[in-house]
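Quick one: this structure, given as C-alpha cells, is what I'll be asking you about.
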Amino acid sequence: MQANISPVSDLRPGRIDYTIHVRISRMWEFRGPNEENDLRHLDLILIDQKGDPIYAEIPPDAVLDLKSFLEEGKIIIMSKITVERKPGYRAVENHYMIKLNTRTCIFPFAETINFPKYTFSLTPFEILPRYIRRTDRFLDVIGKITGVSNAVKVYNTSGDPMMRRVIRLQDLMGNVIELSLSGKRATEFPAEAVLDVGQKHHVIAIFVGTLMKLYRDEHRFLSGTSACRWYVNENDIPAIKTFQKNLPNEATAVENIYLQSDDEMQQNFEQANLLQLQKVDPFIHKLLNFRVHNALQQHSQSRSLVGLRYQCTVTIVGIAEKQTWCYRACKVCNSSHILIGNTYQCTREGCPCTQFLWKYKIPFIATDGTYSLEFIFFEKKGVELIGKTAETLHKQYDPNQIPPQISELIGQKFSLVVIVSTKRSINRKDPSFEVLMIKERFGKQPIIPVFRPEITIAPDSESTTISHEKDLPALIAIPSKKSNAQTSTSTNHLASFEDMDIEPSGIWDESQSSTKRNLKETDNDNQDPDETK
C-alpha cells in the first residue's frame, strides 16, 4: 500500500484512485450561521508527511459511517476519495479539496515522530484590513494575548442567540486586533487558564481559521466561528518560540475584560415615544455604537451607553408603499442577491455565493399617536410574528403581493425593542428602525391610533412676519407720478421691465432678459438646493 501513496501536492480533479497518508490536523462541524441547524458537512484539515495541507469535506450521509475513524491528531491512510476545486473560504494554501463519501476507506496508522502536526499561514496585522469581508480564504494570525473577556449570550443578525467572547491580541510592532469568538468556540476557549498564567507570564497564541470583519463600517476585528482553532503557548511550534524571543522578559498582566450580555443590556433600553425616535440622528447613533464597542474593549467594568436600543409601544397601521415583504438572502452572509446577467449574485463584496433563500424584510408603518415611523421585521422576528418562514410563504405569494398573514397584523399592538437602521435612515427625512425583540403583544386594537401632524394656519393680520412672505416673488415697485424730470427718470428705470410678461404657468422663458432671470434667482433662494440646478 505504501508504494501507492500519493502526496497531497499531486492531487488533482479527475482521478478516483488516490490513496493518501495524512494526519488530521483539525476537524469541525459546519452547520451554517446557527449551530442549532442540521449538519451541512464535517470538515477536516489534513497534512501529509511533507507538511503539505489540504481541506477535506464529508457530506452528512457519510458522517455516521466515517466519524468513528476520525480524531484530531490521528494519522490515517485514506482511499476512495475524489478531488475538486475549492472555490472560496480556503482554510489552507491549496486550491483543491478532498470529498469523502460513504465508500471512503479509512485505516489508522501508527504515530510517526517526524509527521507534522500543525499547518498555518500567518498574516501580519498591518495587512489584515485588506481582507475585510473577503471570503476567498480564512486568516491565521499570531500575537500576544493582552485581554480576555467573559463569555456572554448575544443575538446574531438573524436574531438567534449565541455565545461570544473577545480576545485582544498584540503583535511585535504594537498593533492590536480584537478577535471575537462565537458559539462553541467562545465557551471552549481556556479563558481562566489564560488569565491565571497571564498575570505573570507571556501568553502567545496562534489563531487559525478566522475572517476579517467590519462592525458598522467603523471597527475592524477578526471573527472566529466553527473553523477557528488556537494554539496557546505551544512550545513545539517554532513560530511561537520565535515570537517569544522578541518579547521583553517582564510580562504585562492579561486584562480581564467585562462584556455585558444582551439580557443585561435590556436594562439599558431607553423608553421613548415615536416623536422622540423621529429625532434620532443616525450619524450620532452610529458613532455611539462605535464608542460602546471601543469602551468594552478598553474598560473592564464598562457599561453600554443608553440610547443605542430603544423600547417603544406601537400599533401597526400599514405597510410601506413600493416595498417588498421579503428579499433574496445570501445563504452565506444574508446580504441581498441581485440578478447579474443570468445569475443571482451576492451584493456583499468578496462573497462568491450564488445561492439564496427568501427571507423576511417586512416594512411595517406603526404609530403611538405621537408620530408614525417605519419598523423593519427581518426573518427571525417575521417567523415569530407569522409562524411561517418567508421561504414557505413565498411559495404562495409574490414579493410584491402582501400575504394575508402579514396584512392581518395591521391593527395589532406591540411593545418592541428597536435599533435605528443607519444606512436605511441616512438619506431619509425620518429614521427607520430594525426590530430586535418583541417584548409584549397586546393583540388587535378596537381603535387604531391615528397620527395627524399639526398644521399651523396664521390668522389674517397686518402684522404678518417675513416667514409668511419668503416664498413670494418680489413685487415690482410702481412709482407715483412726479414732475416731468422725475417722470423721465422713472420711465428710463422701467424700460428694463417693459417686455416682462409673466406666463400663466409662472415659468420664465430662458430667452428673456437678464432682469427676469435675476428675479427668478431671487425666487429660487427658498428652494431646496438639491432641486436648483
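If you're wondering where the values come from, they're calculated on a predicted model, not measured in any experiment.
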Worksheet item: Near K117 NZ, under 6.0 Å, is it more than 12 heavy atoms from other residues, nucleotides or ligands?
Response: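 Atom NZ in K117 is not crowded, with 12 or fewer foreign heavy atoms closer than 6.0 Å.
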Worksheet item: Between F377 and Y360, does the ring centre distance come in under 6.0 Å?
Response: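 Centroid separation for F377 and Y360: 6.0 Å or greater.
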Item to complete: Would you please name every residue forming a salt bridge (Lys or Arg N to Asp or Glu O under 4.0 Å) with K213, sequence neighbours left out?
Response: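 In terms of salt bridge (Lys or Arg N to Asp or Glu O under 4.0 Å), with neighbours along the sequence ignored, K213 is linked to no residue.
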Worksheet item: How many angstroms lie between OG in S226 and CZ in R31, if you round to the nearest 0.5 Å?
Response: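 These two atoms lie 10.0 Å from each other.
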Practice prompt. Output all residues satisfying salt bridge (Lys or Arg N to Asp or Glu O under 4.0 Å) with R40, sequence neighbours left out; order by chain, then residue number.
Written response: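 If we apply the salt bridge (Lys or Arg N to Asp or Glu O under 4.0 Å) test to R40, skipping adjacent residues, there are no hits.
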Item to complete: Compare all side-chain heavy atoms of Y89 with those of L211 and state whether any distance is below 4.5 angstrom.
Response: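 Side chain of Y89 against side chain of L211, heavy atoms only: contact under 4.5 Å found.
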Discussion item. Does L339, at its CG atom, have more than 12 non-hydrogen atoms belonging to other residues, nucleotides or ligands within less than 6.0 Å?
Written reply: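 Yes - once you tally the heavy atoms of other residues, nucleotides and ligands closer than 6.0 Å, there are more than 12.
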Worksheet item: Would you find a donor on one side and an acceptor on the other, under 3.5 Å apart, between the side chain of W325 and the backbone of D398?
Response: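 Pair found, side chain donor or acceptor close to backbone of D398.
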Worksheet entry | Partner set under side chain to side chain donor-acceptor pair (under 3.5 Å) for S407, not counting sequence neighbours |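 For S407, no residue satisfies side chain to side chain donor-acceptor pair (under 3.5 Å) once neighbours in sequence are set aside.
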Discussion item. Does R164 form a salt bridge (charged side-chain N to carboxylate O under 4.0 Å, His left out) with E178? I'd like the steps, not just the answer.
Written reply: CA-CA 12 Å; R164 177 174 180 262; E178 182 184 278; 3.8 Å; yes
Discussion item. As an exercise, state the distance from CD1 of I5 to CE of M78, rounded to the nearest 0.5 Å.
Written reply: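 I5 CD1 to M78 CE: 11.0 Å, rounded to 0.5 Å.
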Worksheet item: What pairs with Q170 under side chain to side chain donor-acceptor pair (under 3.5 Å), at least two apart in sequence or on another chain?
Response: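 Q170 satisfies side chain to side chain donor-acceptor pair (under 3.5 Å) with no other residue.
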Practice prompt. May I ask you to check whether E374 and S432 show a side-chain donor-acceptor distance below 3.5 Å?
Written response: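 Yes, because at least one side-chain N or O of E374 sits under 3.5 Å from a partner of the opposite role on S432.
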Quiz: residues 57-74 side-chain donor-acceptor pairs under 3.5 angstrom, not counting sequence neighbours:
unit_1 : atom_1 : unit_2 : atom_2 : d
E57    : OE1    : Y55    : OH     : 2.7
K67    : NZ     : E29    : OE2    : 3.0
E72    : OE2    : M27    : N      : 2.9
E72    : OE2    : R229   : NE     : 3.2
E72    : OE2    : R229   : NH2    : 3.0

Practice prompt. State, with a plain yes or no, whether a side-chain heavy atom of N175 is found less than 4.5 Å away from one of I177.
Written response: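 A side-chain contact under 4.5 Å is absent here.
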Fill in: Residue pairs involving residues 315-337 (criterion salt bridge (Lys or Arg N to Asp or Glu O under 4.0 Å); sequence neighbours excluded)
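Passing the test, one end in residues 315-337: no pairs.
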Discussion item. Taking side chain to side chain donor-acceptor pair (under 3.5 Å) as the definition, give me every residue that meets it alongside Y18, ordered by chain and number, with sequence neighbours left out.
Written reply: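 Y18 satisfies side chain to side chain donor-acceptor pair (under 3.5 Å) with no other residue.
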Discussion item. Do R137 and T123 pair up side chain to side chain, a donor and an acceptor below 3.5 Å, judged on atom types alone?
Written reply: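 Yes, side-chain donor-acceptor contact under 3.5 Å.
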Worksheet item: Does CZ in R441 sit with more than 12 non-hydrogen atoms of other residues, nucleotides or ligands closer than 6.0 Å?
Response: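 Yes, the 6.0 Å shell around CZ holds more than 12 heavy atoms from other groups.
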Discussion item. Under a 3.5 Å distance rule, please check whether S149 uses its side chain to pair with a backbone N or O of R165 as donor and acceptor.
Written reply: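 No, because the side chain of S149 does not come within donor-acceptor range (under 3.5 Å) of the backbone of R165.
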Worksheet entry | Donor-acceptor pair, side chain of T104 and main chain of K80, under 3.5 angstrom |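 Answer holds: yes.
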Item to complete: For the pair Y310 and V420, evaluate side chain to side chain contact (heavy atoms under 4.5 Å, CB included) and give the outcome as yes or no after the intermediate values.
Response: CA-CA 9 Å; Y310 304 91; V420 70; 5.5 Å; no
Worksheet item: With Y118, which residues qualify under ring-ring contact (aromatic ring centres under 6.0 Å, His included), at least two apart?
Response: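 Y118: ring-ring contact (aromatic ring centres under 6.0 Å, His included) contacts with Y231.
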Fill in: L11 and Y96, any side-chain heavy atoms less than 4.5 Å apart
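A side-chain contact under 4.5 Å is absent here.
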Practice prompt. Take atom CD of E36 as the centre, draw a 6.0 Å sphere, and report whether it contains more than 12 heavy atoms from other residues, nucleotides or ligands.
Written response: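 Not buried by this count: 12 neighbours or fewer within 6.0 Å.
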Listing, residues 44-54 side-chain donor-acceptor contacts under 3.5 Å, not counting sequence neighbours, or none:
unit_1 : atom_1 : unit_2 : atom_2 : d
D48    : OD1    : K50    : N      : 3.1
D48    : OD1    : G51    : N      : 3.1
D48    : OD1    : D52    : N      : 2.9
D48    : OD2    : V8     : N      : 2.9

Item to complete: Check salt bridge (Lys or Arg N to Asp or Glu O under 4.0 Å) between E84 and all other residues, then give those that pass, not counting sequence neighbours.
Response: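 Salt bridge (Lys or Arg N to Asp or Glu O under 4.0 Å) list for E84, sorted by chain: K99.
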Worksheet item: Going by the salt bridge (Lys or Arg N to Asp or Glu O under 4.0 Å) test, which pairs reach into residues 4-21, not counting sequence neighbours?
Response: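 Sorted result for residues 4-21: R15-D17.
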Item to complete: Please list, chain by chain and in numerical order, all residues satisfying side chain to side chain donor-acceptor pair (under 3.5 Å) with T370, sequence neighbours excluded.
Response: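 Partners of T370 by the side chain to side chain donor-acceptor pair (under 3.5 Å) criterion, ordered by chain and then number, come out as D368.
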